[in-house]
There are 2 protein chains.
Amino acid sequence: MTAMLPSAPPRKRAPSARALATRQRVFDAAEQVFARQGFDGATIRDIAAAAGEPVGTIHHHGGGKEALFHATVARRADTLSRARLDALARLRATDELTPDGLLRAFMQPFFALSRDDPRWRDYARLVAFVSTDDRWRAISASCFDPTAQTFMDALHQRRPDASRSRIAEAFVFSVSAMLALLTSQGRIAALGGTPVPEDQQFDHLIHFCAAGFAA
Amino acid sequence: MTAMLPSAPPRKRAPSARALATRQRVFDAAEQVFARQGFDGATIRDIAAAAGEPVGTIHHHGGGKEALFHATVARRADTLSRARLDALARLRATDELTPDGLLRAFMQPFFALSRDDPRWRDYARLVAFVSTDDRWRAISASCFDPTAQTFMDALHQRRPDASRSRIAEAFVFSVSAMLALLTSQGRIAALGGTPVPEDQQFDHLIHFCAAGFAA
DNA sequence: GTCTATATGTAGATAGAC
DNA sequence: GTCTATCTACATATAGAC
């Protein structure tokens, strides 16, 4: 992902610390606005306002609206994948490759990161948009599918009798439920009164999905 | 829902058959375009092109973009709710109020309608947009929440030990999975090779969610 | 009810000063 | 790299002829 092709032109020089800070403000603002309003609902001007930067700066760092969206999604994807694969490696060390443990390893990093940094909560909304819109299938394929396949391989080994497509169905159901929990607290509250703490909700999610896999 | 307040002004006269046909073309087109592109991604011009009508006609029948969206969602909501509640009534007659049966009664109508009429498939996408965007919370609350509450009541009776919020969580997980199956065939295919027939996928969905409720 | 023409606002993108 | 000013296109909405 971070490897550079030999033919790639070398950068002129390292960007200044100030430029890097501006760049980060731009991407943080894009993340927030895209997450709240979606790709079509967001405007470059909204992002500029959120970043406290002029409109031209957004274009300079983002390279156009679509490229900015793509880069915003890709920015945190490596961190998320690594956290998931690390959790999987730790799980393999304990030899507890149950559906429960595997789902926990896949989902827990997202919740842990969201708890520590509200920008990860925005990122979850962004991922939900990307996952449900065929228009961004290519982004999903490059940012999320490889790790998903790794976990599906492990889940499939536990249930060699099930077909691959059946594993994929159950995995999509589980990811949908996970994203619903991360992004639709309002919906849960509207239907069920006062919600419980998120740690508990996370345990409920794992139980729900693990039971589904066991069935 | 269809009741009219006493103070409502009476319509001048019944609309002509031709006007009714135009009106239906407008709403069918709106449904298709909103479903494919979302509220912000859709334009009145796209809808006009899909309907084969001039732009002004869309405004005349729809009453502005937002009102048109709301009316498009509401148009099929009664049919869907009635089908769900009828299935629930039939279930009560057989006295098989298991989570499996209840989830089947709630979800099956959507799949049956989608199989017979592709416009219901578009409607499913539209419902997915509405369900995941807090901006349309009011539409969800009026169109879908009452029926959802009825089914949650029945599910809660089967598990009086569980808290209401826990039932709501599991219900949201289940609905998310259902909408994923109705709208994200491409996602499942991308992750799991050749998918199985939809009847089978539906059974898998029910098993997955029922197991989650049982846990 | 239907359709054309138009008013008004705002979108994404860029050119060029600093 | 940063910021201002502006270009061009297209959005929603409406007014008024038919």
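Below, chain A is the first sequence line, B the second, and so on; all start at residue 1.
- Between B/Tyr123 and B/Phe110, the two ring planes are tilted [angle within 30° to 60°].
- Within residues 34-52 of chain A, the residues that have a heavy atom under 4.0 Å from DNA chain C are, in order of number, A/Ala42, A/Thr43, A/Ile44, A/Arg45.
- The NE2-P distance, from B/His59 to D/dA13, rounds to 4 Å in whole Å.
- Rounding to whole angstrom units, CZ of residue B/Arg18 and C1' of C/dT2 are separated by 7 Å.
- Here D/dT2 is the nucleotide among D/dT2, C/dG12, C/dG1 with the atom lying nearest to any side-chain atom of A/Thr57.
- Salt bridge absent: B/Glu31 and B/Arg25 never bring a charged side-chain N and a carboxylate O closer than 4.0 Å.
- In this structure A/Arg82 satisfies the salt bridge (charged side-chain N to carboxylate O under 4.0 Å, His left out) test with no other residue, sequence neighbours excluded.
- In summary, the aromatic rings of A/Phe34 and A/Phe69 are positioned with their centroids under 6.0 Å apart.
- Applying the salt bridge (charged side-chain N to carboxylate O under 4.0 Å, His left out) rule to A/Arg164 yields the partners A/Asp153; only residues at least two apart in sequence or on another chain are considered.
- Residue order along DNA chain D, read from the 5' end via each residue's closest nucleotide, puts A/Gly56 first among B/Glu66 and A/Gly56.
- Nucleotide C/dT2 holds its C1' atom 11 Å from the CD1 atom of B/Ile58, rounded to whole Å.
- B/Thr22 comes within 4.0 angstrom of sugar-phosphate atoms only, judged by non-hydrogen atoms across all strands, and of no base.
- Sequence order on DNA chain C of the closest nucleotides to B/His60 and A/Val55 puts B/His60 first from the 5' end.
- Contact detail for B/Ala19 and B/Pro15: the closest heavy-atom pair is CB-CB, 4.4 Å.
- Between B/Phe69 atom CZ and D/dA13 atom C1' the separation is 19 Å, expressed in whole Å.
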